Amino acid sequence: MKTLKQVKVGKNVKVVKIHGQGAIRRRIMDMGITNGVDILVRRCAPFGDPIEVTVRGYELTLRKKDAEMIEIEA
């Protein structure tokens with residue numbers, strides 16, 4: 001299983017599944033990250049946290065902890 005946390009900067013990936021439970025999973029989905037959506041990893045902070053991505057035409061910043069819950073296919 002490959003997660004969004006492992007993706008290199010500049011890569012475009014597709015979401016396969018969102019892991020997690022309750023409010024955290026709902027918050028990720030409310031940000032527009034759902035099954036089948038394309039995500040472009042734009043930047044990564046110097047120590048790797050947070051990660052800036054483009055989803056559905058807008059920029060979004062995710063913590064590594066949240067990015068770990070998003071299963072992707074390259």
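Everything numeric here is computed off the predicted structure, so don't read it as measured data. In this chain, numbering begins with 1 at the start of the sequence shown.
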J.: Taking the basic N atoms (NZ, or NE/NH1/NH2) and the acidic carboxylate oxygens, is any pair closer than 4.0 Å for K14 and E73?
T.: no
J.: Quick one: do L4 and V41 satisfy side chain to side chain contact (heavy atoms under 4.5 Å, CB included)? Show the steps, please.
T.: CA-CA 9 Å; L4 187 59; V41 178; 4.0 Å; yes
J.: Heavy-atom count around R27 CZ within 6.0 Å, excluding the residue itself: above 12?
T.: yes
J.: Could you list all the salt bridge (charged side-chain N to carboxylate O under 4.0 Å, His left out) pairs where at least one residue sits in residues 45-54, not counting sequence neighbours?
T.: R42-E52, R43-E52
J.: Under a 4.5 Å cut-off applied to non-hydrogen side-chain atoms, are T61 and P50 in contact?
T.: yes
J.: Is there side-chain contact between V16 and N35, with at least one heavy-atom pair below 4.5 Å?
T.: no
J.: In Å and rounded to the nearest 0.5 Å, what is the CE to CD1 distance from M69 to I18?
T.: 10.5 Å
J.: Measure across T3 and M1 and return the closest heavy-atom pair with its distance rounded to 0.1 Å.
T.: CG2-CE, 3.9 Å
J.: Treat each ILVMFWY residue as a node, draw an edge where side-chain heavy atoms are under 4.5 Å apart, and state whether L40 and V37 are in one component.
T.: no
J.: Quick check: do Q6 and K2 have side-chain heavy atoms less than 4.5 Å from each other?
T.: yes
J.: Locate the shortest heavy-atom distance separating I51 from C44; write the atom from each residue and the value.
T.: CG1-SG, 4.3 Å
J.: Would a 4.5 Å heavy-atom cut-off, applied to side chains only, mark E71 and V15 as touching?
T.: no
J.: Spell out, yes or no, whether M29 and I33 are grouped together once hydrophobic residues are joined by side-chain heavy atoms under 4.5 Å, including indirect joins.
T.: yes
J.: Does I39 form a side chain to side chain contact (heavy atoms under 4.5 Å, CB included) with T54? I'd like the steps, not just the answer.
T.: CA-CA 6 Å; I39 297 178; T54 300; over 6 Å; no
J.: Does one hydrophobic cluster hold both L60 and I24, with members joined at side-chain heavy-atom distances below 4.5 Å?
T.: yes
J.: Does D66 pair with R63 as a salt bridge, N-O distance under 4.0 Å?
T.: yes
